Amino acid sequence: MEAEDAQLADEAPEDIAEHDEIFAIDFHPSQDVLAVALITGEINMYRYAKQQPAAALHRLRTHTDACRSVQFSSDGRFLLSGSSDKSIRVTDVSTGQTVHTVADAHGSAVNVLARHGEWQLASGDDDGEVKLWDLRQPGQPAVCSWHEHSDFVSALLPHVASHQLISVSGDGRLGVYETRRGALQALSDEQDDELLSVASVKQGKKLVVGTQHGVLLLWSWGRWGDQSDRFPGHPMSVEQVVPLDDDTVVTASSDGLLRLVSLLPNKLLGVLGEHGEFPVELLKRSPDERWLASASHDQLVKFWDLNYLLVADKSSADAADADLMDADAAMADTPSDGKEEDLDDSSEDSDDDSDEDDDDSDSDDMADGQGGPARLQPRTKTNFFGGLL
């Protein structure tokens, strides 16, 4: 029991306290480094470690207005940043020096950046425009530009294998772009709410979208006209959605809570953490999948140890497998009376599951070659979190 408790010990790094409001965070792809962007336009980089305070590496005065988005390059050598000053800048991580600036990258504030493969960067602004840049061609205009949204672009989700880019917007629409041809593939029907965040789940067969009023909307891949399912449950806006596995996500909400949520079947499983009364607007998972980092108006970056979840679920799953093997052995030892059970009733399926099966069978385009992290066992979560909701 003591060994198990040691395995489950929370080893998260200590909180990072900033001196002003945090607008963006991102993990380095191969080092224990976190970039934190502020409303002042500053970007601070920290080295974090288990149960230790973060060590400051660089304090950069990069932008003249709020830095709204940061992304490390795929090799970790550069930090890409977008700002309310309409610029996109490239900073050398080792020296902290700006190596390239696109001064007027957009006609309005740059709200979000997303790395699209190794050499491309997608950006979205406050007026609804989406652009795609080739990082191998500094000083050149964007290779693609789309202005399909009528309000701010809140999130971008690249899918490099299919050469597609997903956008969601405050205008209540989801957009799909073909990045090789530079064409709009689809624009969804307008929803009754602002769309704030997006993530891929169910082996890429579904997209989950967070909204201003706290409803999670689900789209089936390839059926872009309208959402296929909706899950009310959050009392306030869902600012960020981060997958833990194909069926489970962590949501960050403006009520200050991080929740663990199962999708199809839809269920609130518990509370992972909180920022008190402050809205949680930022959530990122580390490349090694060990840590979650969240940030709020309390000017804190908090780390959450996901190993704490995964070890607990593995133990529960192993115990369940052992119980199943014991049950099978007991059945094998039971003498048969030669009669067969009537299995007609077992063929009845739940209505709740039928829609998911239909959607999944017709939406395999994005699933090919998609692997996922270890499957969490939702049955353990209610006990694990003490039933907090």
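Keep in mind that this is a model prediction, so the values were computed, not measured.
Val93 and Leu80 are assigned to two separate hydrophobic clusters, defined by single-linkage of ILVMFWY side chains at heavy-atom distances under 4.5 Å. In terms of hydrophobic clustering, with Ile, Leu, Val, Met, Phe, Trp and Tyr side chains grouped at heavy-atom distances under 4.5 Å, Val143 and Val112 are assigned to a common cluster. Leu57 and Ile43 fall within the same hydrophobic cluster, where Ile, Leu, Val, Met, Phe, Trp and Tyr residues are linked whenever their side-chain heavy atoms come under 4.5 Å apart, directly or through other members. Note: the hydrophobic cluster containing Leu195 does not contain Met236 (ILVMFWY, side chain heavy atoms under 4.5 Å, direct or indirect links). Cluster annotation: Leu121 and Val90 are assigned to the same hydrophobic cluster (Ile/Leu/Val/Met/Phe/Trp/Tyr, side-chain heavy-atom contacts under 4.5 Å, transitive).
The backbone N or O of Asp104 sits nowhere less than 3.5 Å from a side-chain atom of Ser87 that would complete a donor-acceptor pair. With hydrogens and angles ignored, the 3.5 Å screen pairs no side-chain donor or acceptor of Thr211 with any backbone N or O of Glu194. Using a distance-only test at 3.5 Å, with no hydrogens or angles considered, a donor-acceptor pair links the side chain of Ser169 to the main chain of Phe152. At distances below 3.5 Å, at least one donor-acceptor pair connects side-chain atoms of Asp305 with backbone N or O atoms of Glu11.
Distance check, rounded to the nearest 0.5 Å: CD of Glu281 to CD of Gln240 gives 8.5 Å. Atom-to-atom distance recorded for Asp26:CG and Arg115:CZ is 7.0 Å, nearest 0.5 angstrom. Expressed to the nearest 0.5 Å, how far CD of Gln51 lies from CD of Glu14 amounts to 8.5 Å. A distance of 7.5 Å separates CG of Leu217 from CG of Asp193, quoted to the nearest 0.5 Å. Distance check, rounded to the nearest 0.5 Å: OG of Ser83 to CD1 of Ile88 gives 10.0 Å. To the nearest 0.5 Å, atom OG of residue Ser296 and atom CD of residue Glu274 are 9.5 Å apart.
The ring pair (Phe, Tyr, Trp, His ring centres under 6.0 Å) pairs that include a residue from residues 242-272 number zero, where partners must be two or more places apart or lie in different chains. Counting only residues at least two apart or in different chains, ring pair (Phe, Tyr, Trp, His ring centres under 6.0 Å) contacts with residues 63-99 comprise His28-Phe72. Every pair tested for ring pair (Phe, Tyr, Trp, His ring centres under 6.0 Å) that includes a residue from residues 244-276 fails, sequence neighbours excluded, so the list is empty. For residues 119-134, every residue pair satisfying the salt bridge (charged side-chain N to carboxylate O under 4.0 Å, His left out) rule, not counting sequence neighbours, is listed here: Arg68-Asp126, Asp134-Arg136.
Residue Asp192 places its CG atom among 12 or fewer non-hydrogen atoms of other residues, nucleotides or ligands, all under 6.0 Å distant. Counting non-hydrogen atoms of other residues, nucleotides and ligands closer than 6.0 Å to NZ of Lys284 gives a total above 12.
Considering only residues two or more places apart in sequence or on other chains, Arg181 meets the side-chain contact (heavy atoms from CB on, under 4.5 Å) condition with Glu178, Ala183. Gln299 is linked by a side-chain contact (heavy atoms from CB on, under 4.5 Å) to nothing, counting only residues two or more places apart in sequence or in another chain. Under the side-chain contact (heavy atoms from CB on, under 4.5 Å) criterion, Val242 pairs with Leu283, Arg285, Leu292, not counting sequence neighbours. For Asp229, the side-chain contact (heavy atoms from CB on, under 4.5 Å) partners two or more places apart in sequence, or in a different chain, are Leu218, Leu264, Asn266. For Trp146, the ring-ring contact (aromatic ring centres under 6.0 Å, His included) partners at least two apart in sequence or on another chain are Tyr177.
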Q. Given Arg77 and Asp92, is the salt bridge (charged side-chain N to carboxylate O under 4.0 Å, His left out) satisfied, shown in steps?
A. CA-CA 6 Å; Arg77 293 172 55 205; Asp92 188 306; 5.9 Å; no
**Q.** side chain to side chain contact (heavy atoms under 4.5 Å, CB included) between Gln203 and Trp221, intermediate numbers included
**A.** CA-CA 10 Å; Gln203 294 183 322; Trp221 183 264; over 6 Å; no
Q: Could you check Leu156 against Val130 for side chain to side chain contact (heavy atoms under 4.5 Å, CB included), going step by step and ending with a plain yes or no?
A: CA-CA 9 Å; Leu156 295 168; Val130 175; 4.2 Å; yes
Q | Check against salt bridge (charged side-chain N to carboxylate O under 4.0 Å, His left out), Lys202 and Asp247 | A | CA-CA 6 Å; Lys202 298 291 181 180; Asp247 307 306; 2.7 Å; yes
Q: For side chain to side chain contact (heavy atoms under 4.5 Å, CB included), just list the numbers for His297 and Glu21, CA-CA rounded to whole Å, side-chain angles, deciding distance to a tenth of an Å, and then say yes or no.
A: CA-CA 6 Å; His297 290 187; Glu21 188 174 347; 3.4 Å; yes
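In this structure, the side chains of Trp224 and Ile166 come closer than 4.5 Å at one or more pairs of heavy atoms. With a 4.5 Å cut-off on side-chain heavy atoms, Phe231 and Val208 do not count as touching. In this structure, the side chains of Thr91 and Leu60 come closer than 4.5 Å at one or more pairs of heavy atoms. With contacts defined as side-chain heavy-atom distances shorter than 4.5 Å, the pair His163/His116 does not qualify. Contact annotation: the side chain of His106 approaches that of Ser123 to within less than 4.5 Å [non-hydrogen atoms, C-beta and beyond]. Between Leu196 and Val168, every side-chain heavy-atom pair lies at or beyond the 4.5 Å cut-off. Residues Pro243 and Thr248 fail the side-chain proximity criterion, which asks for heavy atoms closer than 4.5 Å. Two residues are said to be in side-chain contact when any heavy atoms from C-beta on lie closer than 4.5 Å; Leu216 and Val209 fail this criterion.
What you find for His234 and Ser253 is that their closest heavy atoms are CD2-CB, 4.4 Å. Scanning all heavy atoms of the two residues, the minimum distance from Trp133 to Gln140 falls at CZ3-O, 3.9 Å. Across all non-hydrogen atoms, the minimal contact from Leu306 to Leu244 is CD1-CD2, 3.7 Å. Arg259 approaches Pro235 most closely through the heavy-atom pair NH2-CD, 3.6 Å. Scanning both residues, Leu258 and Ser294, for their nearest heavy atoms gives CD1-OG, 3.9 Å. Here the shortest heavy-atom pairing between Ser69 and Leu113 reads OG-N, 3.0 Å.
Using a cutoff of 4.0 Å between basic side-chain nitrogens and carboxylate oxygens, Glu148 and Arg173 are not scored as salt-bridged. The existence of a salt bridge linking Arg230 and Asp226 is excluded, since no basic side-chain nitrogen approaches an acidic carboxylate oxygen closer than 4.0 Å.
A donor-acceptor pair shorter than 3.5 Å can be found between the side chains of Ser237 and Ser254. A side-chain donor from one of Lys206 and Ser220 sits under 3.5 Å from a side-chain acceptor of the other.
Cluster partners of Trp291, using a side-chain heavy-atom cutoff of under 4.5 Å among ILVMFWY residues and allowing indirect links, are Ile16, Ile22, Ile25, Phe27, Leu34, Val36, Leu38, Tyr46, Tyr48, Leu282, Val301, Phe303. Connectivity analysis of hydrophobic side chains (ILVMFWY, heavy atoms under 4.5 Å, direct or indirect) links Phe23 to Ile39.
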All N/O donor-acceptor pairs, side-chain side in residues 96-103, below 3.5 Å, sequence neighbours left out:
from: His100; atom 1: NE2; to: Gly139; atom 2: N; distance (Å): 3.3
from: Thr101; atom 1: OG1; to: Arg89; atom 2: NH1; distance (Å): 3.0

